[in-house]
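These notes concern the structure reproduced below.
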Amino acid sequence: MHIAAKNKILNTNELFHWYDKNARDLPWRVSPSNRKSGIQPDPYRVWLSEIMLQQTTVATVKDYYQRFLQKWPTLDALANGSLDDVLKMWAGLGYYSRARNLHACAQQVHADFGGILPNSAADLQKLTGIGPYASAAIAAICFDEKIAVVDGNVERVMARLLALDLPISKAKPQIRLAVQKALGGNQIKRSGDFAQGMMDLGATICTPKRPRCNICPLAKDCRAFASENPEKYPVKLPKKTRPNKFGNAYIVWDKNGAIFLQKRADKGLLAQMSEVPNSEWTDRIQPPDFPFAGQWKSAGTIAHIFTHLKLELTVYVLGETAKHSQLQNAGLTGWWVIPKNLAGEALPTLFKKVIAKAGAK
DNA sequence: AACCCGGGGAC
DNA sequence: GTCCCAGGGTT
């Protein structure tokens, strides 16, 4: 019986050989050669990077990661920081629940585990913001736990290796089992490098468009490569239409040249971030409903695309300086920020666009 | 299982 | 313009 050959999913020796030569050089990563010499990754840094990298490209994350590490070099430092500061540092990166969960997780680990992250995927996944992927990734990369690490890259690589005719959402269990089998059947000790190798392969060779099959170390075992069109895997589902929404935003300056900001709601889109006063977002253009009477002037519109909607805001600027009492009387509570301090605020990109449209005073 | 939740790089 | 990125939480 040739069970080993029959069960073979992919050639791990080929993958390791490729990874040893082609591993991406990333700020949070220990290189394969250093890893072999016994250097271990800092779980705090790996965790921080994994959270930032969720649905976010490496290129976008790098600067945010460095700034976070500079400000909070350890998990305990992050736990002792304020949520407000974390949101300010996260502003512009998107998916802000990650920032709130990151801070909550740091405080959990600080309080319950002395600032030391658990060393198993099972325990890691109990923590806020650490799900099936991140728990497996941290456990594999930091502690070489033999566990399947399945992200979007690995899903695509496996869908092609196996020529899966199911959309990813339906094929996840099969993919997880296949990765687990690839790990288990080959006495893999380098679980972390296996995971990172698979992800690097997906990011640089087995790309969504125009995969570079001609230089792929796994092409020999790839059923998609053997087919006429590898790019058709994984099977794509029809995309949903993105509705258009419209609203108005209101820019107010005081006599000191400071702009009025307020805090968004605790839940929902851009929760707990900062904003300028703005209207409801509706499916039709609406006339402005100014917070109070004054010489309002239109500064034009800005467009912003979210995952599930396209938003167009008309920006109105008050033509004269406002008194703080006018905002208070309008039922608005917030604070005033001079332009040079705006960069330090927890402003999502949407409202940075709005303020830029109004022009600095 | 389906939906909500941002922003940007690459094409 | 489209695609999709080292996903998790909620319902």
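Values below: every heavy atom of this structure, side chains too, minus hydrogens, waters and symmetry copies. Chain letters run A, B, ... following the sequence lines, proteins first and then strands; every chain starts at 1.
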- prompt: Does A/I215 CD1 have over 12 foreign heavy atoms under 6.0 Å away?
  reply: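 Yes - once you tally the heavy atoms of other residues, nucleotides and ligands closer than 6.0 Å, there are more than 12.
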- request: Please indicate whether A/Q328 has more than 12 foreign heavy atoms, meaning atoms of other residues, nucleotides or ligands, lying under 6.0 Å from its CD.
  value: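 Counting neighbours around CD of A/Q328, 12 or fewer heavy atoms of other residues, nucleotides or ligands fall under 6.0 Å, so no.
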Classify [X] by what it touches in the nucleic acid, base, sugar-phosphate, or nothing, heavy-atom distance under 4.0 Å.
| X | result |
| --- | --- |
| A/S97 | nothing |
| A/A271 | nothing |
| A/F306 | sugar-phosphate |
| A/W47 | nothing |
| A/R100 | nothing |
| A/K310 | sugar-phosphate |
| A/G202 | nothing |
| A/L26 | base |
| A/L93 | base |

- request: Take A/T128 and A/P208, find for each the nucleotide of DNA chain C with the closest heavy atom, and name the residue whose nucleotide sits nearer the 5' end.
  value: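 With A/T128 and A/P208 compared, the 5'-side residue is A/P208.
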Closest-nucleotide ordering on DNA chain C, the 5'-leading residue of A/T57 and A/N101: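 Going by which nucleotide is closer to the 5' end, it is A/T57.
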Could you please name the option among [options] that lies closest to any side-chain atom of [X]?
| X | options | result |
| --- | --- | --- |
| A/T349 | C/dT2, C/dA6, B/dG7 | B/dG7 |
| A/R156 | C/dA6, B/dG6, C/dC5 | C/dC5 |
| A/K239 | C/dT2, B/dG9, C/dG7 | C/dT2 |
| A/P132 | B/dC5, C/dG8, C/dA6 | C/dG8 |
| A/T307 | B/dG6, B/dG9, B/dG7 | B/dG6 |
| A/Y95 | B/dC5, C/dA6, B/dG7 | B/dC5 |
| A/V58 | C/dC4, C/dA6, B/dG9 | C/dA6 |
| A/T60 | C/dC3, B/dG7, B/dG9 | B/dG9 |

- request: Kindly indicate whether the side chain of A/Q272, heavy atoms from C-beta on, has any atom under 4.5 Å from the side chain of A/R100.
  value: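 Heavy-atom side-chain distance check passes, below 4.5 Å.
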query: Is any NZ, NE, NH1 or NH2 atom of the basic residue among A/D20 and A/K36 found under 4.0 Å from an Asp or Glu carboxylate oxygen of the other?
result: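 Counted as a salt bridge, because a side-chain N and a carboxylate O are separated by less than 4.0 Å.
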Take the protein atom [atom1] of [X] and the nucleotide atom [atom2] of [N], then report the distance between them rounded to whole Å.
| X | N | atom1 | atom2 | value |
| --- | --- | --- | --- | --- |
| A/K172 | B/dA2 | NZ | P | 12 Å |
| A/L269 | C/dG9 | CG | C1' | 15 Å |
| A/L102 | B/dG6 | CG | C1' | 16 Å |
| A/D151 | C/dC5 | CG | P | 8 Å |
| A/R24 | C/dC5 | CZ | C1' | 11 Å |
| A/R242 | C/dC4 | CZ | C1' | 11 Å |
| A/M199 | C/dA6 | CE | C1' | 5 Å |
| A/Q272 | B/dC5 | CD | C1' | 13 Å |

field: Euclidean distance for P, C/dA6 against B/dC11 (whole angstrom)
entry: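 The same atom, P, in both gives a distance of 14 Å.
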message: Rounding to an integer number of angstrom, what distance separates B/dG6 and C/dT11 when you compare their P atoms?
response: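 Their P atoms lie roughly 15 Å apart.
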Lys NZ or Arg CZ of A/R190 over A/F194 ring: under 6.0 Å, within 45°: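 Cation-pi check for A/R190 and A/F194: fails.
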Counting just side-chain N and O atoms, does [X] come under 4.0 Å of either OP1 or OP2 of [N]?
| X | N | value |
| --- | --- | --- |
| A/Q55 | C/dG7 | yes |
| A/H308 | B/dC5 | yes |
| A/K240 | B/dC3 | yes |

task: Report yes or no: do A/T128 and A/Q108 form a side-chain donor-acceptor pair below 3.5 Å?
output: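 Side chains of A/T128 and A/Q108: pair found under 3.5 Å.
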message: Between A/S37 (side chain only) and A/R35 (backbone N and O only), is there a donor and an acceptor less than 3.5 Å apart?
response: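 Between the backbone of A/R35 and the side chain of A/S37 there is no qualifying donor-acceptor contact (under 3.5 Å).
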message: Tell me whether the side-chain N or O atoms of A/T56 pair up with the base of C/dG7 as donor and acceptor below 3.5 Å, since no angle test is needed here.
response: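 Result: no qualifying N/O pair found.
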message: Quick check on the 6.0 Å ring-centre criterion: do A/F260 and A/W336 meet it?
response: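 Yes.
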5′-ward residue of the pair A/Y96/A/R210 relative to DNA chain B: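 In this pair, the answer is A/Y96.
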- request: For A/S169 and for A/R98, find the nucleotide of DNA chain B with the closest heavy atom, then tell me which residue's nucleotide is more 5'.
  value: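 Result: A/S169.
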